[in-house]
Structures are given as C-alpha cells and as structure tokens.
Amino acid sequence: MKELKELAEEYPICDECIGRMFPYVEGKNNRERGRLVRELLGLPEAKECYFCRGIFQRLDEIAKKLDPHPYEFRTFVLGTVLDEELRKREEMLLEKIGVVEGVESLKKNINRELGKKIKEVHGKEYDPKRPDAEIIFYTEGERFSVHPRPLYFYGRYRKLAPMPQSKWPCRYCGGRGCEKCDYTGRQWKETVEYYVADVLLPLTLGKDSKLHAAGREDIDARMLGDGRPFVIEIREPRRRNIDLEKALREINAHGEGKVEVLCLKPSSKEEARELKSGNFPKVYRAVVRCRGGIEEAELEKLKELEGKVIEQRTPERVKHRRADKLRKRRVISISWKRRDRHSFELVVEAEHGLYIKELVSGDEGRTKPSVSEILGKECFVERLDILQVKGGRPCTG
Ligand SMILES: [Zn+2]
Ligand SMILES: [Zn+2]
C-alpha cells in the first residue's frame, strides 16, 4: 500500500482502479474496496483518474454515446479496445502495485461496468451466451461500433427444377453486376439459396446469406419427399424479429413450384454445423438405362449390392474441383422395378456421399462394384431424384 501512496501523489487514481488492484481487501465491488483503501491511506478523491482517463467516473455519459441504430437487438456482449496510451499506463500500474493474484485488468473492468451502464441506459440485456450483437468500445475517442450476430433459420427444402443449391455469383463481376449477367450479379439466376434469401434478406435487412445444408444434390437431380434439412445464415441483419410464417409463404410464392420450403424455424450456428458434418443416409431413385436391353431375371443380380461397401475414386466429372481420393460408402438397401426393354427404376438407400451416377455406370472402373459391372453391360442414370434425407428436425409435428 506504501507503493500506492507514492504513486497516487504523482498520478491521480480513482476508487475503481484502486479497487481492482486490491482483490483481497473486503468490499462488495472494486469501487468499495478502492474507497476503503483510499481512506485508509488518507488520499483525496481523484478528479480525473490517470489510469482509466476518468472512464469509470463518466460511465453514464459514455454509455449515452452508444447509438444502437440501425440495428435491432435485445442481448449483447461488450468488448473494449484500449488505446496505446492507456495500455502503457495499465502496464505501469500493474508493475508498481498490481503484483498479486486476482487483480482485474482495465479491459475486463470496463467491459463489466460499462456493460451494466449500457443495460441501464439502453434497456439491453448483457448475455455472453446468446448475444444478438457485439458492441466494441474504443477508448480512443470514446466511441462504439455495433456488430450484429448472424441470424439462423432452419427449414427443409424440396427442389423440383434443375438448379444449384447455393448462390452462384457471376464469374465476371463476382456478384457486383455487369453486362454479362444482366446486372443481376448471378451466374445462375435460380438457386435454392436465392429463392430463400431473396425473401429473408429484405425482411431482415441483412447484408448477405449463406446456406448450410445436409449435403447437396446434383443440379439436375430433384429433391423430393420431406425435403433436405438446411440452415440459412443471414449476416448483419438490422431486423431480428420477423414473421416466419409470412416469410415462409413468401418464399413458396417466390419459388413458383420450383423450390418449396416446408417450414422455417429459429436455428443456431450449432445446428448449421451439425447439418454440415452429420452423416445422413439418403434414399435415391434413379431411372437407369442399359445398352443392349435388360431382362427381369438379370436384375435379380443387383441383390448382391445390398449391404456392400462401395469403393469410389473421385468421379471423373468432379475431379476438376475435388482431390482424387478413395471413398468407401455402404449401400444400405436396394430395390428395382423394370420399366421397359431398356430401362428400370432403381431405389437405393445409401450412406451419405455415395455417388449414385457412378454406382450405376462404374465410372470406367473407378467405382467398384457397380451396377454396370454386376449386370455385365453399360448402364447409366437417365434421371435422378432424392426421395429422402434421413435426419434433421422434422417440419411436421
Ligand atoms: Zn480509474
Ligand atoms: Zn456479372
């Protein structure tokens, strides 16, 4: 305490800053501990604290400088960025008197006390677990910036027309809009993500979207049944409370029967991550055509694929964007129905990530075993639909 007395004669120090240096002194908070120590030493009250530059003495005035607009949020976390000068003063304070364990840093102390003030002045809740927004306080110029956390919505989509799943910016302009893309910024005018985001972005006044889904289907494959689970992330939303039922109706009107979203529910980053990393089995229906025709009796041979682990080298058609490696996926069940002399319908349930087109064609020996190999003739998928993605929250009930 002798060191504090010497220090305080040269550099005025406030009760809050004294208190955070003396965690072992009794008192219910820094301010009270600081006052006790100060009175014990017979020090005067500091006019403007050298170590926090008077921040703790002007919390109310500072909190009022925060303008929460244009963002709508209820809960927040606060972070503080110290300027160089305050960092140096903090170092000096710690060196001189803050050598005991449990000393609280200036940053942490500001975050808590200013946080309380913001709650009081603006009626927002401090919530480090689920903050709607992150507020940054810069001691330099005593100003704030507000960063809304993304919004997440869960749904399941059906896709009834050929289109990619995610947004696909124009490759010439990167999405800004140019002559090549008719100033839409889009390489593909229609994607599942665009249909959903085109409605949600204006409603939330968000800046950008990102679709997280449990796998994806080929552009020309339909997604049927009870749809594929997805989470759409809306970045930097200005509005957080939107009518989800109304949004859902608008999405489905916009989707024009090409994209149907079966429900829209509040979601989270965690759910987005689960969907992306989860292993959801899929049920596929393929129309398969074989050169030289196919007989009912021959199709019986396909039974041997059931329960089989299929070894697939990265398909020729996706090799340009994916590393060549071997993947092993199991066929869970398989059934078929002959359509005519040259084609049949195949229903396959498989572990996630099995390439069905290659399971049928064999991809010139890169997939083994395959339908072509087993039947001893060249077969290929004429059309492919996904009937079911097993997993994710249901939309009904
Ligand atoms: Zn201070
Ligand atoms: Zn363009």
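Counting convention: from 1, in listed order, for ligands and their atoms alike.
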Could you list the donor-acceptor pairs under 3.5 angstrom formed between side-chain atoms of residues 232-240 and any protein atom two or more places apart in sequence or on another chain?
from: E233; atom 1: OE1; to: H212; atom 2: NE2; distance (Å): 2.8
from: E233; atom 1: OE2; to: R235; atom 2: NE; distance (Å): 3.3
from: R240; atom 1: NH1; to: D132; atom 2: O; distance (Å): 3.1
from: R240; atom 1: NH1; to: R149; atom 2: O; distance (Å): 3.0
from: R240; atom 1: NH2; to: R149; atom 2: O; distance (Å): 3.1

**Message:** Contact between E256 and Y195 at the side-chain level, heavy atoms closer than 4.5 Å - yes or no?
**Reply:** yes
**Request:** For the Zn ion (ligand 1), count the protein N, O or S atoms found under 2.8 Å away.
**Result:** 4
**Prompt:** Are any non-hydrogen side-chain atoms of Q312 and L326 less than 4.5 angstrom apart?
**Reply:** no
**Request:** Output every pair passing disulfide (SG to SG under 2.5 Å) with a member in residues 243-354, not counting sequence neighbours, ordered by first then second residue.
**Result:** C263-C395, C290-C379
**Prompt:** Between K64 and D60, is the closest basic N to carboxylate O distance under 4.0 Å?
**Reply:** yes
**Prompt:** Does any non-hydrogen side-chain atom of E298 lie less than 4.5 Å from one of E295?
**Reply:** yes
**Message:** Less than 6.0 angstrom from the centroid, inside 45 degrees of the normal: does R186 satisfy that with respect to the ring of Y194?
**Reply:** yes
**Asked** Is the shortest distance from a Lys or Arg side-chain nitrogen in R112 or E104 to a carboxylate oxygen in the other one below 4.0 Å?
**Response** yes
**Prompt:** Which N, O or S atoms belonging to the protein are less than 2.8 Å from the Zn ion (ligand 2)?
**Reply:** C170 SG, C173 SG, C178 SG, C181 SG
**Item:** cation_pi(R89, Y50) dist<6.0 Å, angle<=45
**Value:** yes
